[in-house]
Structure formats: structure tokens, C-alpha cells
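As C-alpha cells, the structure follows; a few thoughts come after it.
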Amino acid sequence: MEDQYAIEMLGITKRFPGIIANDNITLRVKKGEIHALLGENGAGKSTLMSVLFGLYQPEEGIIKKDGVEVNIKNPNDANALGIGMVHQHFKLVECFTVLDNIIMGVEPNKFGFLQKKEAHDKVMALSEKYGLHVDPDALIEDITVGMQQRTEILKMLYRENEILIFDEPTAVLTPQEIDELMQIMKNLAAEGKSILFISHKLNEIMAVADRCTVLRKGKYIGTVNTKDTTMEELSAMMVGRNINFKVDKDECKPGDVVLDVKNLSVASKLHKNDAVKNVSFNVKRGEIVCIAGIDGNGQTELVYGLTGLAPVSNGKITLCGKDITRAPIRKRNLLGISHIPEDRHKYGLVLDYSLEDNLVLQRYFEPEFTDKAGFLRRKNIRKYAERLIEQYDVRSGQGPVTIARSMSGGNQQKAIVAREIDKDPELLIAVQPTRGLDIGAIEYIHKQLVAQRDSGKAVLLVSLELDEVMDVPDRILVMYEGEIVGELDPKKTTEEELGLYMAGAKRDEVKQ
């Protein structure tokens, strides 16, 4: 029966300093199936897929394709075997266009001349066929994270790969885009392609996968048919305990206004119009306010304006009664803003710094961490980092001295959350705080947000996750085309109504 498997990974072991990322794992994927790979952050899922894609070489084990043993030394070998991968952290050249990124390495040419029009037409045909609409001439650095995701998927389809690895593909997509992607995956499987789908989202796995393999702390736990299991059983296999899927929180008791935004406009990097248009709202102590909307409707620019990452073109921002409209980023931080950014690599971490240095990035100049002569108090920094690592369960191979780049995406996120919450802010701005996290970590971070609220802090949550938007906040503000078009009470609204506001089909006069 060996020939029914498109891919077999047999007894794979991969070690890094201080950690066995994959411990004798066996994974078999049938032809034409969607096979989910489930596990906590740092369980070894991305490492296993990176071994299959040739980014890492295993110390032990073999890989077979269509029953024949293969040696995959690098991604070019993987591509030659028809294996493609969409990475959780995209592998795109920021200063190149969407089209250039898609065709890179397989550029069509005639007599040595690049045939751009031929490539353009093929990309547009693929984007039309699979509903992955992109602007081929836009620069990667100017497009949303969701659009970058589509570029990665088109890159794989352009190469006509038959084994497709999706590493957390829905982490940055809107509910509508997720539904579309699920349909795309089903269509690809129906065409005979084999799909490996890494996800933390159990409802997506139940909806789209034929079988699911669970890893825990680098070890193989088991493979099940999704139709024969439940979300509760899968979550218990994944984290070794039962998970509460609902956010427990008491009634909100709003206090004074912490953040007051009046007639705010922020320019767009992409075009001449403002990305944020004349927006006004406030966030009070003891409440969580969520900015909801489909990706690309001004949420990113709004946060940049509030945190100082981008200048505002008009309006006023007040924090605890102080005007911070033109204040530099450090001053905003010192006045009490914490920011969990949307792009953890660009704005959250210095990837080649150690974990401990990342954890004191915004506080290293405080007397606790720097002496009067200006030298860092390394012992204090180490002690502080060890406390946060333990408190927030940040898993890394070498503890505080681990280089941030080598950590799993979910543990990088936990480190940022730990740093920002531990600053004891007046206002916590959390943008996609659970992006790429497993259900255990999501449960933990939601509890942290609610704890901030209950301790009298103001929390501004920006999320694309419908479950999160409905469960966590006390108020929902919906953004559409740079404006706030609705204010909703999560206890009184439905996902359908929220979806209509997000799509611009409904709008109301928002009460200030």
C-alpha cells in the first residue's frame, strides 16, 4: 500500500542547541488529501515542514515521495520534486513587486530576455481562477499582510507544485478570505494535489482536513480522521489538558477616558488619499474596545498614528489628558502606551538580539537595568527575563540567551506580549495579539487582556478574528474604508450583522 502515499516522513529527528525539535516523528500524507498538522507553539510543526522543504537537514530519518526515497538538500530540490511551501513568516523581497516575487527563480525568458507579459498573464489567470486577487505591480512593502499571504500562495501555484505546505495560512486573513482559502484548498485537493496544512485553529481543521496528525513537545502523539473526532479531543491531544473555548469575564465597569481620539486622519503609503479619515472615538479605563474590519481598511494606519509609527495628517490624540499628537514614540511609551504590533518581525523584535535583550528593549535605560555610568546591569536583565519567561511560558532552546530569530513564531509573540503587559501600561494597544498562537496560548492571552481591563487599564484590541471580536471586547468599532461605520455591543449583535458592517453594507452614526 506504500504507493498510495504522496509523502512519507519516517523517523525524522531534528536537533537544535538545547532542544530536540522533532523526536522520531513519522508522517504519511495520501495523494489528494488535506492533512492537518496540529500542535502547540514550539511543538515542532514548522521545523518538520522545513525539513520536508529542504530548509533543514534531519539528523535521523528518511523522506519518501511516491514510495521512492528522496534526498532534499535545499528548497530548489523540493521545488524540483513538486513540493511548495507558504511560510508563516513570508519569504518575500520587500522592495520587489508582487509579480517579481511570484516569478523569482523561474522567470520565463526567450533568448535570454525576460518575458514579463507572459508571466503577468499567467499570474492574473491564476489569481482569477483561485480568487486570489492581487495587484501584480504593487511593491511588497506597500501591501497588507493579507495580500502578502496571497502572493506567497500564488508563488506556489505558479510553480505548479503538487505537494503544497501551508504554514499557518489563515493567521492573517479575514473570515471571508479564510472561507475562500478553505474552498481553494478543497479545489486543489480535488485536482489531485496533496496539502499539508499547519494550523492552530481547530474549527478550520475540522472544516477542511481529511486527517490530522498531532505533535506535542517535538513528539508524535497520533493521527486521526477528522470526521471521527471532536475539537475537544484534538485540543486535549494537543496540549495534554482540557481547554476552555469561551472567554470568562465579568461585566465591564468603565471609568475615566484614557485615550481620546478626535477627527484623526492618517495618510496612506499606497495612494494620495488618507487611509484613516476623520476618525473619533475613546477608550475608557476598565474596558476593552475592539477595532474590527476586513484587513486593509485603515486599522494598520490608525495604530501607526496612535503609537507614533506614522505622522497624523489631521486631528488630535489625548492620553490621560495629555496631548500626544506629535509626541515621539519613546515619550508615548513613557506616558503609558504599550503596543503589541501586527508585524512582530518588523516592529516587535530585533531578531538577531537575544530574548533577554528583546525583553528590555523599551526599558534598558531605567536605573534597574543601567547603572549611573551607563553600563547595562546584565544580572538584573537576566533575572527580569527569567521571570517573564517563566510567567508567560515562553519556550526557547537556551532560555534568556536564545536568539529571537530561532524561536517559533508563537513564542516570539508570547515574548512581545510579556514585555508589553509587564510595563504596566495605562493603555494597551493589542494588534492581532493571538496571531499564530495555539489554543492554550490564546486562552492565556485573552485572560491577560481581561486582567488588564479588570485592573483598571484601557485596552484597544485590533483583530481580524471573528471569534475574538465577538468574545473578548466590551465594545466593537467597525472600520470600513478608513472610517468608523458602526459601534456594536458584542452581547447584542451577531456575526452576520458584524459581517455586513465590515463589508460596508451597513453603517450608522457612531455616538461619541
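Each residue takes its place number in the sequence, starting with 1.
To the nearest 0.5 angstrom, H35 atom NE2 is 12.5 Å from I165 atom CD1. Rounding to the nearest 0.5 angstrom, the gap separating the CE atom in M156 from the CG atom in L188 is 7.5 Å. From I476, atom CD1 reaches atom CD of E497 across 9.5 Å, with rounding to the nearest 0.5 Å. Note that the CG atom of L48 and the CG atom of L37 stand 6.0 Å from one another [nearest 0.5 Å]. Atom CD of Q362 is separated from atom OG of S338 by 6.5 Å, given to the nearest 0.5 angstrom. With rounding to the nearest 0.5 Å, the separation of CG in L351 from OG in S406 is 10.0 Å.
The backbone N or O of A267 lies less than 3.5 Å from no partner atom in the side chain of E301, so there is not a single donor-acceptor pair. Between the Q452 side chain and the L427 main chain, no donor and acceptor come within less than 3.5 Å of each other. With hydrogens and angles ignored, the 3.5 Å screen pairs no side-chain donor or acceptor of T213 with any backbone N or O of T223. A distance-only check finds a donor-acceptor pair linking the side chain of D210 to the backbone of I34 [under 3.5 Å]. Checking side-chain atoms of R216 against main-chain N and O of M237 turns up a donor-acceptor pair under 3.5 Å. With hydrogens and angles disregarded, a donor-acceptor distance shorter than 3.5 Å links the side chain of N297 to the backbone of E481. E420 places a side-chain N or O within donor-acceptor distance of the main-chain N or O of H339, the cut-off being under 3.5 Å.
Take F365 and apply the ring pair (Phe, Tyr, Trp, His ring centres under 6.0 Å) test, not counting sequence neighbours, and it matches no residue. The ring pair (Phe, Tyr, Trp, His ring centres under 6.0 Å) test applied to Y480 returns no partner, not counting sequence neighbours. With sequence neighbours excluded, no residue satisfies salt bridge (Lys or Arg N to Asp or Glu O under 4.0 Å) with D467. Every residue two or more places apart in sequence or in another chain that forms a salt bridge (Lys or Arg N to Asp or Glu O under 4.0 Å) with E356 is listed here: R378, R382. Scored by the ring pair (Phe, Tyr, Trp, His ring centres under 6.0 Å) test, Y353 finds no partners at all (sequence neighbours excluded).
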- Would K331 and I324 satisfy side-chain contact (heavy atoms from CB on, under 4.5 Å), going step by step from the backbone distance to the final call? CA-CA 8 Å; K331 186 170 181 195; I324 60 163; over 6 Å; no
- Message: Please determine whether side-chain contact (heavy atoms from CB on, under 4.5 Å) holds for the pair I291 and V303, giving the CA-CA distance in whole Å, both sets of side-chain angles, and the decisive distance to 0.1 Å.
- Response: CA-CA 10 Å; I291 304 279; V303 170; over 6 Å; no
- Item | Audit row: L181, F166, side-chain contact (heavy atoms from CB on, under 4.5 Å) steps and yes/no | CA-CA 11 Å; L181 180 65; F166 287 88; 4.2 Å; yes
- Could you walk me through whether E152 and K91 pass the salt bridge (Lys or Arg N to Asp or Glu O under 4.0 Å) test, one step at a time? CA-CA 8 Å; E152 280 279 21; K91 309 284 184 190; over 6 Å; no
- Might you work through the side-chain contact (heavy atoms from CB on, under 4.5 Å) test for L27 and L52, ending with a clear yes or no? CA-CA 11 Å; L27 172 71; L52 178 57; 6.0 Å; no
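Considering only heavy atoms from C-beta on, C252 comes within 4.5 Å of R453 through its side chain. In this structure, L335 and C320 have side chains that are not in contact, with every pair of non-hydrogen atoms separated by 4.5 Å or more. At least one side-chain heavy atom of C212 sits under 4.5 Å from a side-chain heavy atom of L234. V266 is not listed as a side-chain neighbour of L302, based on a closest heavy-atom distance of 4.5 Å or more.
A salt bridge does not link E426 to K322: none of the charged nitrogens lies less than 4.0 Å from a carboxylate oxygen. Taking the charged nitrogens against the carboxylate oxygens, K383 and E386 have no contact shorter than 4.0 Å, which rules out a salt bridge. Between E368 and R377, none of the side-chain N atoms (NZ, or NE/NH1/NH2) sits under 4.0 Å from a carboxylate O, so this pair counts as no salt bridge. Here K491 pairs with E251 in a salt bridge; the nearest charged N to carboxylate O distance falls below 4.0 Å. With respect to K457 and D424, a salt bridge is recorded, a charged nitrogen being found less than 4.0 Å from a carboxylate O.
Applying the 6.0 Å contact sphere to NZ of K277 captures more than 12 heavy atoms from other residues, nucleotides or ligands. Atom CD of E141 has more than 12 heavy atoms from other residues, nucleotides or ligands within 6.0 Å. Crowding of K217 atom NZ: a count of heavy atoms from other residues, nucleotides or ligands under 6.0 Å not exceeding 12. Counting non-hydrogen atoms of other residues, nucleotides and ligands closer than 6.0 Å to NZ of K249 gives a total above 12.
Residue pairs satisfying the salt bridge (charged side-chain N to carboxylate O under 4.0 Å, His left out) criterion with at least one member in residues 405-419, sequence neighbours excluded, are listed as follows: D352-R405, D393-K414.
Between V350 and A404, the closest heavy-atom pair is O-CB, 4.1 Å. Considering every non-hydrogen atom in both A209 and T226, the closest pair reads O-OG1, 2.5 Å. The heavy-atom pair separating V469 from A292 by the smallest distance is CG1-CB, 3.8 Å. Residues R150 and H133 approach most closely at NH1-O, 2.7 Å, considering heavy atoms. Taking all atoms of both residues into account, the shortest heavy-atom contact from M49 to L196 is SD-CD1, 3.8 Å. Residues E342 and T300 approach most closely at OE1-OG1, 2.8 Å, considering heavy atoms.
Under the 3.5 Å distance criterion, with hydrogens and angles disregarded, a donor-acceptor pair is assigned to the side chains of Y384 and D422. Side chains of Q183 and D179: a donor-acceptor N/O pair is absent below 3.5 angstrom, by distance only. Under the 3.5 Å distance criterion, with hydrogens and angles disregarded, no donor-acceptor pair is assigned to the side chains of N22 and T47.
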